[in-house]
Enquirer: 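Pasting in a structure now, in structure tokens, and then I'll have a few things to ask.
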Amino acid sequence: MRVLVLSDIHGNLEALSAVLAAARPRGWDQVWFLGDLVGYGADPEAAVQQLRALNPAFMVRGNHDKVICGVESASGFNSAARTAVEWTQRALSEDSLAYLRALPEGPAVAAPGVWVAHGAPLDEDEYLLEEGAASRQFDACDFNLCFIGHSHIACVFSLRAGRIGRQVPPPADGLKLGPGERHLFNPGSVGQPRDRDPRAAYAILDTQGGQVEHYRVTYDIATASQKILQANLPPLLARRLETGV
Ligand code: ZN
């Protein structure tokens, strides 16, 4: 089975369309989505429609999804994120808001030993950035491979023979899933990368081949950021698409 793994789309239609166009010839049997479908970008309704059309086999909610659909308050958000929340709430149909409300809390078990989570398996809102935090996840959970998002930084934490290593970005020729190894894999963000590479990011899990492929895709950043400015969303949300931070 081949699984297209998408995270942190954030209402960026240009990025999502480019990822799907690039991934289609590589082929997939299922789509898994790691949360944050909307928030920041200027095309939340179209992003919801596109993801729905893909009919993901497994999905979890992100912090932006939760706040925008009213499951949680925006009190922990900075002012740009809060402005984007209010704008996005107005831009979404009732139907799409209901879709967001129905997104489940992570983690979800998507295949034997394979989990999906937004921030971390132990806490959907935690940013997994360093080895210590990853170590707590490996200790407390029994996944062999867990896909995570939330930080918008493509990376992989690997536990091999009792030692944790971190690779930023993940290996370009694919992460081989060796026997006895355990991994936390962040494919990076489709719609708002923050790892100084502004290209859209995604991964494909190949269960037969025993590996995770990782890809970056150029997309029409100028159009996506122009739409943000035209919508009167905070200009920094447009700038960060161009810089990838
Ligand atoms: Zn996000």
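The model shown is predicted, which means the values in this text are computed figures rather than measured ones. Numbering of ligands and ligand atoms starts at 1, following listing order.
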Enquirer: What protein N/O/S atoms are found closer than 2.8 Å to the Zn ion (ligand 1)?
Expert: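 Per the 2.8 Å query on the Zn ion (ligand 1), atoms found are D8 OD1, H10 NE2, D36 OD2, H152 NE2.
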
Enquirer: Answer yes or no: is there an ion pair linking R26 with E213, defined by an N-O contact shorter than 4.0 Å?
Expert: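 Salt bridge absent between R26 and E213.
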
Enquirer: Any chance the side chains of E45 and S93 put a donor and an acceptor closer than 3.5 Å?
Expert: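 Per modelled atom types, E45 and S93 side chains form a pair under 3.5 Å.
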
Enquirer: S17 and Q50: side-chain donor and acceptor closer than 3.5 Å?
Expert: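 Yes - a donor-acceptor pair under 3.5 Å links their side chains.
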
Enquirer: Taking NZ, NE, NH1 and NH2 as the nitrogens, is one of them in D195 or R216 under 4.0 Å from a carboxylate oxygen of the other?
Expert: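 Salt bridge: yes.
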
Enquirer: If the threshold is 4.0 Å, N to carboxylate O, is there a salt bridge linking D206 and R2?
Expert: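 The answer is yes: the pair qualifies as a salt bridge.
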
Enquirer: Quick check: does any side chain N or O of R182 sit under 3.5 Å from a backbone N or O of F143, one acting as donor and the other as acceptor?
Expert: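 Yes.
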
